[in-house]
S.K.: 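Just dropping this structure here.
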Amino acid sequence: MGNAGIQYTNALTEGPEGFESTFAVNVLANHLFVRLLRDRFAAPARIVITVSDTHFGDFRHNLGMVPGPVWKSPDVLARTGAFPEPHTTAAGRTAYSTSKLAALYLVHEYARRLPAGIDAVAYNPGFVPGTGLARNADPVSRFAMRRVLPALTLTPFATGRSAAGRCLADVVLGTTRAPTGSYVDRARVARSSRESYDPQREAELWAAAEQFTEAHAVRTDAR
Ligand SMILES: NC(=O)c1ccc[n+]([C@@H]2O[C@H](COP(=O)([O-])OP(=O)(O)OC[C@H]3O[C@@H](n4cnc5c(N)ncnc54)[C@H](OP(=O)(O)O)[C@@H]3O)[C@@H](O)[C@H]2O)c1
């Protein structure tokens with residue numbers, strides 16, 4: 001299960017490897033995880049990567065809080081400053097929605113490349129207020145995320161933390177039936193955005209992710 005994720009308030013945060021941190025955590029870390037375990041999976045197995053409906057980029061899916069994804073070459077997306085005015089919250093959130101689109105691309109590519117019986121599924125919990133995802137945001141946004149927005153879980157616009165966890169567990173355990181390469185929106189298989197089905201981008205991103213994680217894979221193999 002690749003559930004770790006982060007959202008920054010700029011697109012300038014850089015990790016020790018020189019990658020932009022949203023891309024490093026939300027895309028490359030999951031890929032490295034899958035890569036290191038690739039030879040150890042035994043069918044039947046299921047890899048679940050947590051994505052987000054912010055990848056749709058429309059109001060219905062993000063309530064206007066997160067700009068939609070802006071796809072670019074993986075070489076650009078992997079580095080800081082990939083988006084206009086990269087010091088702004090809008091750029092940080094664009095990096096976030098774009099990273100979740102990237103995670104969907106990789107799930108589609110895993111479905112193509114992994115052996116039969118090793119399934120890869122993308123899971124969207126919906127908007128889950130009250131988690132630590134906004135930990136880097138300004139104090140007003142953090143207060144809203146913690147104290148105000150949880151009221152939305154009484155509406156279809158948001159998912160409570162327990163419900164999101166239960167849905168995730170159901171996907172991981174296979175209680176929610178989902179074919180490899182599919183997108184599970186909370187508890188049911190759905191179509192992700194039209195943009196998220198793009199074999200050319202998927203292959204290109206997979207190759208780039210392999211290259212970006214090469215040093216770690218080699219280091220581990222050598223042990
Ligand atoms: N909240 C939402 O509205 C929402 C909507 C759609 C999708 N999601 C996705 O759901 C997943 C869980 O997020 P959440 O909302 O539950 O936020 P959260 O409470 O902040 O949880 C994020 C998790 O990711 C881990 N993490 C972050 N950066 C890491 C790093 N550099 N190395 C290792 N672990 C790291 C955190 O570990 P530590 O606490 O130890 O730092 C934490 O366990 C994420 O993939 C997020 O993108 C959330």
Side-chain angles (χ1 to χ4, degrees), residues 1-11 13-34 36 47-69 77-78 80 89 92-107 120-137 141-172 183-188 190 192-193 196 212-213 216:
M1 179 181 74
N3 184 59
I6 196 80
Q7 188 178 104
Y8 289 97
T9 48
N10 60 61
T13 312
E14 191 178 79
E17 315 287 337
F19 296 115
E20 191 280 319
S21 295
T22 320
F23 192 83
V25 175
N26 297 1
V27 183
L28 294 182
N30 286 329
H31 184 73
L32 181 61
F33 198 31
V34 171
L36 294 177
I47 299 160
V48 178
I49 307 288
T50 300
V51 295
S52 161
D53 49 9
T54 58
H55 85 274
F56 278 95
D58 56 12
F59 188 85
R60 185 164 78 85
H61 289 96
N62 62 23
L63 305 178
M65 292 187 286
V66 179
L77 294 177
T80 56
T89 299
R93 292 182 180 167
T94 304
Y96 177 79
S97 60
T98 306
S99 75
K100 295 300 184 175
L101 177 62
L104 271 160
Y105 286 148
L106 285 180
V107 165
V121 175
Y123 164 67
N124 166 49
F127 174 46
V128 191
T131 73
L133 195 66
R135 64 180 81 178
N136 296 305
S141 302
R142 287 204 310 273
F143 177 79
M145 180 75 162
R146 212 172 46 243
R147 301 269 177 228
V148 182
L149 294 171
L152 282 179
T153 58
L154 301 171
T155 75
F157 293 111
T159 314
R161 285 180 299 170
S162 304
R166 258 195 319 275
C167 287
L168 174 58
D170 284 346
V171 182
V172 169
Y183 173 74
V184 174
D185 181 12
R186 285 157 274 202
R188 63 181 181 85
S192 48
S193 72
S196 73
F212 296 149
T213 54
H216 285 285

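What's counted below: heavy atoms across the whole structure, side chains too, no hydrogens, waters or symmetry copies. Atoms within each ligand, like the ligands themselves, are counted from 1 in listed order.
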S.K.: Roughly how far, to the nearest 0.5 Å, is CZ of Phe143 from CG of Leu149?
M.R.: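 Reported value, rounded in 0.5 Å steps: 10.5 Å.
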S.K.: Near ligand 1, which protein residues have a heavy atom under 4.0 Å away?
M.R.: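 Ligand 1 pocket, heavy atoms under 4.0 Å: Asn3, Ala4, Gly5, Val25, Thr50, Val51, Ser52, Tyr96, Lys100, Pro125, Gly126, Phe127, Val128, Thr131, Gly132, Leu133, Arg135.
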S.K.: Take the angle between the ring planes of Phe23 and Phe212 and call it parallel below 30°, perpendicular above 60°, tilted in between.
M.R.: perpendicular
S.K.: Between Met1 and Leu168, which heavy-atom pair has the shortest distance, and what is it?
M.R.: SD-CD2, 3.6 Å
S.K.: Is there side-chain contact between Thr159 and Arg166, with heavy atoms separated by less than 4.5 Å?
M.R.: no
S.K.: List the steps and the verdict of side chain to side chain contact (heavy atoms under 4.5 Å, CB included) for Ile6 and Asn26.
M.R.: CA-CA 7 Å; Ile6 196 80; Asn26 297 1; 3.9 Å; yes
S.K.: Can you tell me if Arg142 uses its side chain to pair, donor with acceptor, with the backbone of Ala137 under 3.5 Å?
M.R.: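 Yes; at least one donor-acceptor contact below 3.5 Å.
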